[in-house]
Number of protein chains: 2
Amino acid sequence: MSLPHAILTALMEKPSSGLELTRRFDRSIGYFWSATHQQIYRELGRLEEAGLIRALPSEVPVRGQKKQYEVLDAGSAELARWVGESQDPKAIRDPLLLRIRAAAVVGPHGLAAELRRHLELHRRQLAVYEAIEERDFPPGRDSDEDRLRRLVLHGGTGLETFWLRWLEEALAEVEDMT
Amino acid sequence: MSLPHAILTALMEKPSSGLELTRRFDRSIGYFWSATHQQIYRELGRLEEAGLIRALPSEVPVRGQKKQYEVLDAGSAELARWVGESQDPKAIRDPLLLRIRAAAVVGPHGLAAELRRHLELHRRQLAVYEAIEERDFPPGRDSDEDRLRRLVLHGGTGLETFWLRWLEEALAEVEDMT
DNA sequence: GGGAGCATGTAATCAGTTACATGATTTT
DNA sequence: AAAATCATGTAACTGATTACATGCTCCC
């Protein structure tokens, strides 16, 4: 149940409408927890129902009109509770690793090209994270909030870096076979 | 659509019944693509329906009786096709990273303990992978199949190692705040 | 023959995805 | 006023998870 908490976090950072949230997910929180606008609208409805957020009353809540949401105290409390909750890490679930394993039984035909493609995609994603780091976290004194956000970003760069190294190794192995 | 291919791979490695597959998923393929027995039975039904696998006719197919499945040529061909298919890597989707981000807005209360717990879990998982490596891939001349399977395992150890390092960094940051 | 556990399966629910619908606003 | 696009939403479907049901085998 991470999506509601992702939305609460985004709304605490800045009250927003559904579409604004969708945009922000696309370029920020979504790097670690993606969501489509349909998911977001549905979840906003549930969160409002549950009394964790409310629509700002300023605007008329008609279809096609912007509706701004803000987090209520109950929502903020729920988020704080969730931060310290005990949740086991999810097991790895990666189709590419699975495909390598399949390649071990049916042969690695077509795999090298796919590995090269992934390599390029991960290079790009790493560049995206590094650009954000440079833009949002210039060297200097950080607040606690900034240190935590930088830590998240550093998780992203670390993961991409890992995949780059592993893909290079994998490509070398596969090219050596064919 | 990875589960059917995970099952095809497992069945090509060794024809099995539903429960045997479940067991093997728990200690081998499942490290990279987990599945419950309900998923597996349902998928076996679909794969048989689609003509990619068949139940070995030796046993009577009654409820409560073992039913062994084997992969047909169509299944093997489908698996080979899938290996070279173009599939974008999934975006990162990690609740822990999300929680750190939430901690930046509501405070890191309870987070340090959770990070320590995750550290311990990842240490254990890494130990599991290393034990498998030692048992199944002793140093020496490897066949192509072994090299590919070792590569998959190396993905697992690499990921766990990454998380260990990142968690240590995260813990140092969080402990420095409280 | 009664209970433990093995083996296969059904049903309900839920999160996520894809396709589509509709009202409002802006642009030409 | 027509077209584009912004903004919110509904509906249908798929994959994964949880809970439960049922038949078989083995062992005391």
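Chain identifiers are assigned alphabetically (A, B, ...) following the order of the sequence lines, protein sequences preceding nucleic acid strands; residue numbering begins at 1 within each chain.
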Query - Interatomic distance, A:Ile40 CD1 vs D:dT10 P [rounded to whole Å] - result: 15 Å
Query raised in the report: Once the angle between the rings of A:Trp166 and A:Trp163 is folded into 0 to 90°, is it parallel (under 30°), tilted (30 to 60°) or perpendicular (over 60°)?
Result: perpendicular
Query raised in the report: Can you find a side chain N or O atom of B:Tyr41 that sits less than 4.0 Å from OP1 or OP2 on C:dG9?
Result: no
Report task. Return the value, rounded to whole Å, for the distance between atom CG of A:Leu19 and atom C1' of C:dG23. Result -> 14 Å
Query raised in the report: Got a donor-acceptor contact below 3.5 angstrom from the A:Arg117 side chain to the B:Gln87 backbone?
Result: yes
Requested in this report: Decide whether A:His154 and A:Glu133 meet the rule of one side-chain donor and one side-chain acceptor closer than 3.5 Å.
Outcome: no
Query - Annotated protein contacts, base or backbone, on nucleotides 13-20 of chain C with a non-hydrogen cut-off under 4.0 Å, one of B, S, - each - result: --SBBBBB
**Report entry** Parallel, tilted or perpendicular: ring planes of B:Tyr129 versus B:Phe32, cut at 30 and 60 degrees
**Finding:** parallel
Report task. Determine, stepwise, if the pair A:Glu114 / B:Glu85 fulfils side chain to side chain contact (heavy atoms under 4.5 Å, CB included). Result -> CA-CA 7 Å; A:Glu114 181 68 353; B:Glu85 200 186 36; over 6 Å; no
Requested in this report: Provide, to the nearest angstrom, the distance between the CG atom belonging to B:Leu47 and the P atom belonging to D:dG15.
Outcome: 12 Å
Query - N or O in side chain of A:Ser17 less than 4.0 angstrom from D:dT8 OP1/OP2 - result: yes
Query raised in the report: Any ion pair linking A:Lys90 and B:Asp94 (charged N to carboxylate O, less than 4.0 Å)?
Result: no
Query raised in the report: Could you state the CG-P distance from B:Asp26 to C:dA7, rounded to the nearest angstrom?
Result: 14 Å
